[in-house]
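Notes follow the structure.
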Amino acid sequence: MARIEAILFDKDGTLFDFAGTWRSVTVQIIEALAPEQAAASEMARLGGFDLESGNYFPGSLIAAGAADDLGELWSPFRPDLGAEGIAAEVERMSLEAAAEPSLLAPAVPDLAALLRALSGRGLELGVATNDSVAGAERQLDAAGVRSAFRFIAGYDSVKRPKPAPDMVLAFSAARGIAPAAVAMVGDSTHDLEAARAAGVGLAVGVLTGPAGEQDLAPHADHVLPTIGGLPALLDRLPAA
C-alpha cells in the first residue's frame, strides 16, 4: 500500500453528524415542498427519511444525493415547479441552513483541532460532497474550519457526482497526488464506491450518517465510529 499523503472527506455524515445537523432542515424542506401532508410522508419515504421519527434510512437519497436527484424524485408531486424548480428550492433552503452555526453538529467535539492534527502530519485535506460548492463553503465557514481545506468539490463542480469517481480524481489531479496515496472518508456507500472507482489507497467508512457498519463494511478497508479515530488508524498502517 502506498503511503497516504492526503485525506478527502465527505461533508455531511462525516465531518458533521448527519441527523444532528440536517434533521430539522429536512423536515422544513419536505413540508415546504409537499402539496399536502400525505404527500409529505410519501416524499420523505421515497427520499429515505421517516417524517414521524426523524430517522434516515441506510441508502437515503436525501442524505447521499444531490439537489438535482431530489428534484427528479419529487417532481411528480410538484409538476408546477418541475425537477429544476424543486432542486432550486432544495438548494436555496440548504444554503440558508448551512450558514447557521447553531444548526451544525460536528462529528467530533473539536473538529478544528482534529483537522489541525491531521494537517500537522503533512496530509493534504479536501472535501468532496454531493452538496453544492457554495453550500459546502458556507457550512465549513460557519463551523470555523474552511481554511483547513485546500480543495472543495460539490455536485456542481464535476460532470458526475458521487458515486462516480470524478471528485476524487479531481482532488488527486489538483493536489498532484496519486489516487493510491489518497484516503477517502465517508458515511455512505456513494462515498466508498467513488473511492474504489478512483483507485484510492484507503477507503474508510464512518458511522455518523444513516448507514450502519453492515452497510459500509463490504465497501471499506476500515469502518470507524467517527473521524476521531483517523489518527490512530493512520498510526496502525504499515509503512510504505
- Audit row: Val185, Leu230, side-chain contact (heavy atoms from CB on, under 4.5 Å) steps and yes/no: CA-CA 9 Å; Val185 185; Leu230 283 172; 4.1 Å; yes
- Task: Determine, stepwise, if the pair His222 / Leu202 fulfils side-chain contact (heavy atoms from CB on, under 4.5 Å).
- Result: CA-CA 8 Å; His222 301 273; Leu202 187 66; 3.7 Å; yes
- Task: Check step by step if side-chain contact (heavy atoms from CB on, under 4.5 Å) holds for Met167 and Asn130.
- Result: CA-CA 10 Å; Met167 294 185 203; Asn130 276 354; 3.4 Å; yes
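Counting non-hydrogen atoms of other residues, nucleotides and ligands closer than 6.0 Å to CD of Glu52 gives a total of 12 or fewer. Counting non-hydrogen atoms of neighbouring residues, nucleotides and ligands closer than 6.0 angstrom, the CZ atom of Arg121 exceeds 12 such neighbours.
Side-chain atoms of Thr14 come within 3.5 Å of backbone N or O of Asp187 as a donor-acceptor pair. With Thr189 contributing its side chain and Asp215 its backbone, the two residues share no donor-acceptor pair below 3.5 Å. Between the side chain of Lys162 and the backbone N or O of Ala128 there is at least one donor-acceptor pair closer than 3.5 Å. Between the side chain of Ser172 and the backbone N or O of Ile177, at least one donor-acceptor pair lies under 3.5 Å. Of the possible donor and acceptor atoms, one in the side chain of Ser60 sits under 3.5 Å from a partner among the backbone N and O of Gly48. When atom types are taken as modelled, the side chain of Thr208 and the backbone of Gly13 share a donor-acceptor pair closer than 3.5 angstrom. Judged purely by atom type and a 3.5 angstrom limit, Arg3 has no side-chain atom pairing as donor or acceptor with the backbone of Ala181. For Ser157 (side chain) and Ala153 (main-chain N/O), no donor-acceptor pair under 3.5 Å exists by modelled atom type.
In this structure, CD on Glu96 lies 11.0 Å from CG on Leu103, to the nearest 0.5 angstrom. With rounding to the nearest 0.5 Å, the separation of CZ in Phe171 from CZ in Arg150 is 10.0 Å. Atom CD of Glu72 is separated from atom CD1 of Ile86 by 9.0 Å, given to the nearest 0.5 angstrom. Distance check, rounded to the nearest 0.5 Å: CG of Leu115 to CD1 of Ile227 gives 6.0 Å. Note that CG of Leu114 and OG of Ser119 are 9.5 Å apart. Values are rounded to the nearest 0.5 Å. Rounded to the nearest 0.5 angstrom, Leu207 CG and Phe18 CZ are separated by 15.5 Å.
Linking Ile, Leu, Val, Met, Phe, Trp and Tyr whenever their side-chain heavy atoms come within less than 4.5 Å puts Leu46 and Val27 in one cluster. Using a 4.5 Å cut-off between side-chain heavy atoms of Ile, Leu, Val, Met, Phe, Trp and Tyr, with links allowed through other members, Ile7 and Val108 fall into the same hydrophobic cluster. Both Leu61 and Met43 are members of a single hydrophobic cluster when ILVMFWY side chains are connected at heavy-atom separations under 4.5 Å. In terms of hydrophobic clustering, with Ile, Leu, Val, Met, Phe, Trp and Tyr side chains grouped at heavy-atom distances under 4.5 Å, Leu237 and Met184 are assigned to different clusters. Residues Leu118 and Leu140 share a single hydrophobic cluster, defined by chaining ILVMFWY side chains whose heavy atoms lie under 4.5 Å apart.
A side chain to side chain contact (heavy atoms under 4.5 Å, CB included) with Leu8 is found for exactly one of Val200, Val168, Val127, namely Val168. For the side chain to side chain donor-acceptor pair (under 3.5 Å) with Gln139, the lone residue among Glu100, Lys11, Arg146 that qualifies is Lys11.
Checked for salt-bridge contact, Arg160 and Asp166 meet the test: a charged N lies under 4.0 Å from a carboxylate O.
At least one side-chain heavy atom of Ile30 sits under 4.5 Å from a side-chain heavy atom of Thr26. Residues Leu33 and Phe77 have side chains not in contact (no heavy-atom distance under 4.5 Å, counting atoms from C-beta outward). In this structure, the side chains of Tyr155 and Ser132 come closer than 4.5 Å at one or more pairs of heavy atoms. You'll find the side chain of Arg138 reaches within 4.5 Å of the side chain of Leu95, heavy atoms only. Using a 4.5 Å heavy-atom cutoff, the side chains of Asp68 and Glu84 are not in contact.
By the 30° and 60° cut-offs, the orientation of the rings of Phe49 relative to Tyr56 is tilted.
Applying the salt bridge (charged side-chain N to carboxylate O under 4.0 Å, His left out) rule to pairs touching residues 194-208 yields Arg196-Asp221, sequence neighbours excluded.
The minimum heavy-atom distance linking Ala220 with Leu192 is given by the pair CB-CD1, 3.9 Å.
Remark: the Ser53 side chain and the Asn55 side chain contain an N/O donor-acceptor pair separated by less than 3.5 Å.
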